[in-house]
Each structure stands twice: as structure tokens, then as C-alpha cells.
Amino acid sequence: MKRRTFLAGSTLAAVAGIIPRVAGAQSAESVTLQIDGAAVPFYAPIYVAQDKGLFAKNGLEVRIVYAAAADIMRNVAAGNVQFGFPNGDAVIAAKASGLPVKVVHTTYQRGIGATLFKTSENIKSFADLKGKTVAVTSLGSPNYLQLQVGLKQSGLKLDDVNVEVIATGAIVQALQADKVDAIVFSELRRYNLEAEGVQVGMISSNDFLPSFGNVVVTGDRYLQNSPKAVSGFNAALSEAIQWVIDGHVDEALAIAIDKHAQTWKGQEAVLKRAFTDSFIPSIWQSALTKQKGIGAGDLGAWQKNIDILAEYKVIEKGFKAQDLVVQPSDIKA
């Protein structure tokens, strides 16, 4: 039987940032990491782990390719790539559809979805959205689900607001130009708006709908057969995150922008705010990571996310979080 190949969106030939072989590195295991979307500075810890030789120190030669989250999940499940870095919703959808995958490093301890609005709108909670125009990027997007859940928990329905669908590239500008009263999008865009003098208020979707941004996934078979490689990958990524946390934001951004995401040059000040105000205090770290280390997974939060996705028919049926999420400390090399 032929094994199906899914490398949609990019091919393994389109490789970025291969660690050069050096003396003594012949025994390193070559693995591929497929990242959601395109190269952006927010993936800095991965680039740091590569640039600083942390992957190599843990016996890995890592090459990076980019693709859509759904393609990543299929490639990981099929064994075409060893690791993926998609968003948590895509991982849950993949598991619900029967793909044999595991989360081995909950890199983002929470989701970054948020409802953004100008402070002049006097919005304090979802209840204040009644009668207002709220934009989402699509009716199948995670931010549309966040809107539904937020409204329901405030005693409102979708009919109580005017929902507009605006493309990703225009949704922030629509808020800035007062074409809508609020947008359900990414909290990281708050920093861009504030840099342009817009006073922005925010309601984090994670306050009522626990979710997860980018996480490290691998296939069931690879985890079973190569626990040392999985443990080594986790160790390198966690060390890189800790290095950034320990006062190296500027250098991390320089590595990310100069070597991977050159189109972001000139936005360092805004990016630094995002790192210091969001990533360091509450995206990469949480009360759980203080106890169990960076990358630990909150099974209760994962379960609530799964249950809500099932309730709103985003996935056909739910499942147990422990069937998907593995604690990094439980992976024995």
C-alpha cells in the first residue's frame, strides 16, 4: 500500500534555516518542523533554538517549512514531518476526525483571540455590545465562535449585534476608521493600533473560552518510537523561551527579523511591547508553568475547549483531553 503524501502549501524542498553540519554533529537526527502560516517574529523562540544551537545540543538537526494548520496536522499524522506548530483549534479538530496526533508542548498557555474596541465606545463587557456592529474574519473562524460564546454568557444572542465579515487584511483598519464598533480578532493587533495613537480596550476571549495558540504536535507513532527526539525538541524550545524571558527580547527579535521575517523590519518597538506585555507574562507562562515547567498543558482548560467546540458543532463529538495532550515531563527519553 502506498503511503499518502500531504505536503500541501509548501514542499520539503522549500526549506528555511537548515542548521549547517559541523564536526561531531554527524549523529544528529534530522527532523522537519512545519509551522503554521509564514515566518513571523512571534515564532522567535524557534528561531533562537536553531540559531543558538539548542536543537543541535539536543541531538537534532531541524529544518523548517510553512503550511496551513490543517495540512500540518495531516502531515504529522502521516509521518511526512516529525513536528508541527499549529494552533490549538486545528489540533482538536484533527484529533476529533481521528488523526493519530499528540500535543507534546503546550507552548501558548492561552489563546490570543480578543474583542478590540476604541475606549470611546464605553464597552466594558459583552453585554455592552448589544446593538453594535462587530466584525469577524469569517463565519467559520475561531473568532466567530468566540463572539457566539461571549454573547451567550452575557445573556445575548447573535441577533442582538450586527455581525460583519471583513477580511483579515482589512479588519483592523475597519475599526480604526470607525466602520465597525468592535472586532473579534487577535489581541496582538492592539499594539499596532496603540502605536498609531488609537486608544484601545480589550476583552480577552480566553476569559470565557479557554483555548490555545501555537503548540508543538507530533504523531502517535513518532512519539512512541522516538521519545528522545521529542524530549530533545521540547527541551530546546523551552530553553529558548526561557532565554527570551530572561531579558533577551531585543536579540530574539533581531534573530527572527534579520534571518527569517525581514518584512517586519521597522516594527521592533511594537513587537517588543507584544513580547513584554503579552508573551512573557501570560502566553508562554502561567501558574501551571511555574509548577511544571514551560510547555506544560492545563488538561482542564484543554477539556473545556474541546467540550465547547463539540457543543457548538465545530467538531462532531468531544473526547478526553488526556488522549491528546501529553505533559513534556512525562516523555521519557
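Note that the coordinates shown come from a computational prediction; the quantities given were computed from them, not determined experimentally.
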Start with the C-alpha distance between Q285 and K290, add both sets of side-chain angles, then the distance that settles side-chain hydrogen bond (donor to acceptor under 3.5 Å, both in side chains), and finish with yes or no.
-> CA-CA 7 Å; Q285 298 187 97; K290 298 295 184 183; 3.1 Å; yes
With the threshold set at 4.0 Å, does a side-chain nitrogen-carboxylate oxygen contact exist between D160 and K157?
-> no
Under the 3.5 angstrom rule, does the side chain of D181 hit a backbone N or O of T133 as a donor-acceptor pair?
-> yes
Do S278 and Y191 have side-chain atoms, one donor and one acceptor, less than 3.5 Å apart?
-> yes
Would you say N87's side chain and F212's backbone share a donor-acceptor pair under 3.5 angstrom?
-> no
Would you please say whether a donor-acceptor pair under 3.5 Å links the side chains of Q327 and K292?
-> no
Can a donor-acceptor pair be found between the side chains of Q242 and D246 at a distance below 3.5 Å?
-> yes
Given side chains that start at C-beta, do those of L116 and I183 come closer than 4.5 Å, heavy atoms only?
-> yes
Is a donor on one side and an acceptor on the other found under 3.5 Å between the side chain of S226 and the backbone of A229?
-> no
Ignoring hydrogens and angles, tell me if any N or O in the side chain of D128 forms a donor-acceptor pair with the backbone of K124 under 3.5 Å.
-> yes
Sole candidate of F275, F85, Y108 that passes ring pair (Phe, Tyr, Trp, His ring centres under 6.0 Å) when paired with Y43 | F85
Is any NZ, NE, NH1 or NH2 atom of the basic residue among K272 and E268 found under 4.0 Å from an Asp or Glu carboxylate oxygen of the other?
-> no
Between the side chain of H105 and the main-chain N/O of V216, is any donor-acceptor distance below 3.5 Å?
-> no
Basic-acidic side-chain contact under 4.0 Å: E239, K57 | yes
Below 4.0 angstrom, N of the basic side chain to O of the carboxylate: do E311 and K152 qualify?
-> yes
T119 versus V198: any side-chain heavy-atom pair under 4.5 Å?
-> no
Assess the pair W302 and F319: is the distance between their ring centroids shorter than 6.0 Å?
-> no
Are P45 and L237 side-chain neighbours, meaning at least one heavy-atom pair lies under 4.5 Å?
-> yes
Test item: L188 and F279 side chains (from C-beta on) under 4.5 Å apart, heavy atoms | yes
With side-chain hydrogen bond (donor to acceptor under 3.5 Å, both in side chains) as the test, would you mind laying out the steps for Q146 and S205 before giving the verdict?
-> CA-CA 6 Å; Q146 292 159 21; S205 299; 2.9 Å; yes
Spacing of CG belonging to N80 relative to CZ belonging to R74, to within rounding of 0.5 Å = 11.0 Å
Say whether, by atom type as modelled, one donor and one acceptor occur between the side chain of D51 and the main chain of Y47 under 3.5 angstrom.
-> no
Begin from the C-alpha positions of K52 and E251 and carry the test salt bridge (Lys or Arg N to Asp or Glu O under 4.0 Å) through to its verdict.
-> CA-CA 11 Å; K52 297 291 184 181; E251 188 176 350; 2.6 Å; yes
E29 with K228: basic N within carboxylate O range, under 4.0 Å | no
Residues N143 and S141: side-chain donor-acceptor under 3.5 angstrom = yes
K118 and D178 ion-paired at < 4.0 Å | yes
Quick one: do K265 and D258 make a salt bridge, cutoff under 4.0 Å?
-> yes
Of all heavy-atom pairs between I166 and A174, which one has the smallest distance, and what is that distance?
-> CD1-CB, 3.6 Å
Taking atom CD of E316 as the centre, does the number of heavy atoms from other residues, nucleotides or ligands within less than 6.0 Å exceed 12?
-> no
Donor-acceptor contact present, side-chain S154 to main-chain L156, <3.5 Å | no
Check: V161 main-chain N/O paired with K132 side-chain donor or acceptor under 3.5 Å | no
For the pair E164 (side chain) and V180 (backbone), establish whether a donor and an acceptor sit closer than 3.5 Å, ignoring hydrogens and angles.
-> no
Please state whether the rings of F83 and Y222 are parallel, tilted or perpendicular, taking 30° and 60° as the class boundaries.
-> perpendicular
Using atom types as modelled and distance alone, determine if a side-chain donor or acceptor of Q82 lies under 3.5 Å from a backbone N or O of T32.
-> yes
How many angstroms lie between CD in E187 and CD1 in I203, if you round to the nearest 0.5 Å?
-> 13.0 Å
Side chains of S286 and Q109: is there a donor and an acceptor less than 3.5 Å apart?
-> yes
Report yes if the side chains of V326 and V103 come closer than 4.5 Å at any heavy-atom pair, otherwise no.
-> no
